[in-house]
Amino acid sequence: MIDENDGYFVSRLKQNANPVITEELRAWRARARPLEGEQIQDVMGELHRQYIDVKVGAEVKRGQYEGTRSLDTKRFRVVGVRNEAADDYHLYITNLP
């Protein structure tokens with residue numbers, strides 16, 4: 001994997017990806033909905049924030065070894081910017097701190 005070789009990546013999060021939010025990285029007003037423990041796609045339609053910046057746990061497929069492939073859970077960062085015209089978010093997944 002890229003991060004295991006000290007590399008970094010930024011990629012658009014696929015619409016069918018639905019990782020669990022493990023931590024919020026931005027502080028919001030007291031009335032803001034807490035997101036920890038929720039799946040990201042499940043809360044996107046209810047948010048009105050300009051930005052989203054969270055850590056998620058995502059399952060990744062490991063390389064094939066002796067005919068089998070294993071799954072591993074990795075932690076990544078998901079950042080998003082609200083697209084007002086389309087009334088949705090552009091979400092990106094990264095291993096950047």
Measuring only between side-chain heavy atoms, which start at C-beta, is [X] closer than 4.5 Å to [Y]?
X   : Y   : answer
L47 : L35 : yes
T22 : V56 : no
M44 : D88 : no

For [Y], does its backbone N or O pair with a side-chain atom of [X] as donor and acceptor, under 3.5 Å?
X   : Y   : value
Q41 : A17 : yes
T73 : A58 : no
N83 : A85 : yes
Y89 : Y51 : no

Is a salt bridge present between [X] and [Y], judged by a nitrogen-to-oxygen distance below 4.0 Å?
X   : Y   : answer
R75 : E23 : yes
E38 : R33 : yes
R49 : E24 : yes
R82 : E84 : yes

How long is the gap from [atom1] on [X] to [atom2] on [Y], to the nearest 0.5 Å?
X   : Y   : atom1 : atom2 : result
E59 : D72 : CD    : CG    : 9.0 Å
N95 : R77 : CG    : CZ    : 11.0 Å
L13 : L91 : CG    : CG    : 5.5 Å
D42 : N18 : CG    : CG    : 4.5 Å

Item to check | Chi angles and distances behind the ring-ring contact (aromatic ring centres under 6.0 Å, His included) call for F76, F9 | outcome: CA-CA 10 Å; F76 298 107; F9 70 91; 5.6 Å; yes
Hydrophobic cluster membership, [X] vs [Y], 4.5 Å side-chain cutoff:
X   : Y   : result
V78 : V10 : no
I21 : V81 : no
I93 : I40 : yes

Item to check | E46, CD atom: more than 12 neighbouring heavy atoms under 6.0 Å | outcome: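 Counting neighbours around CD of E46, more than 12 heavy atoms of other residues, nucleotides or ligands fall under 6.0 Å, so yes.
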Checklist entry - Can you name the closest pair of heavy atoms from P97 and Y8 and give their distance? => result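 So the two residues come closest at CD-CE2, 4.2 Å.
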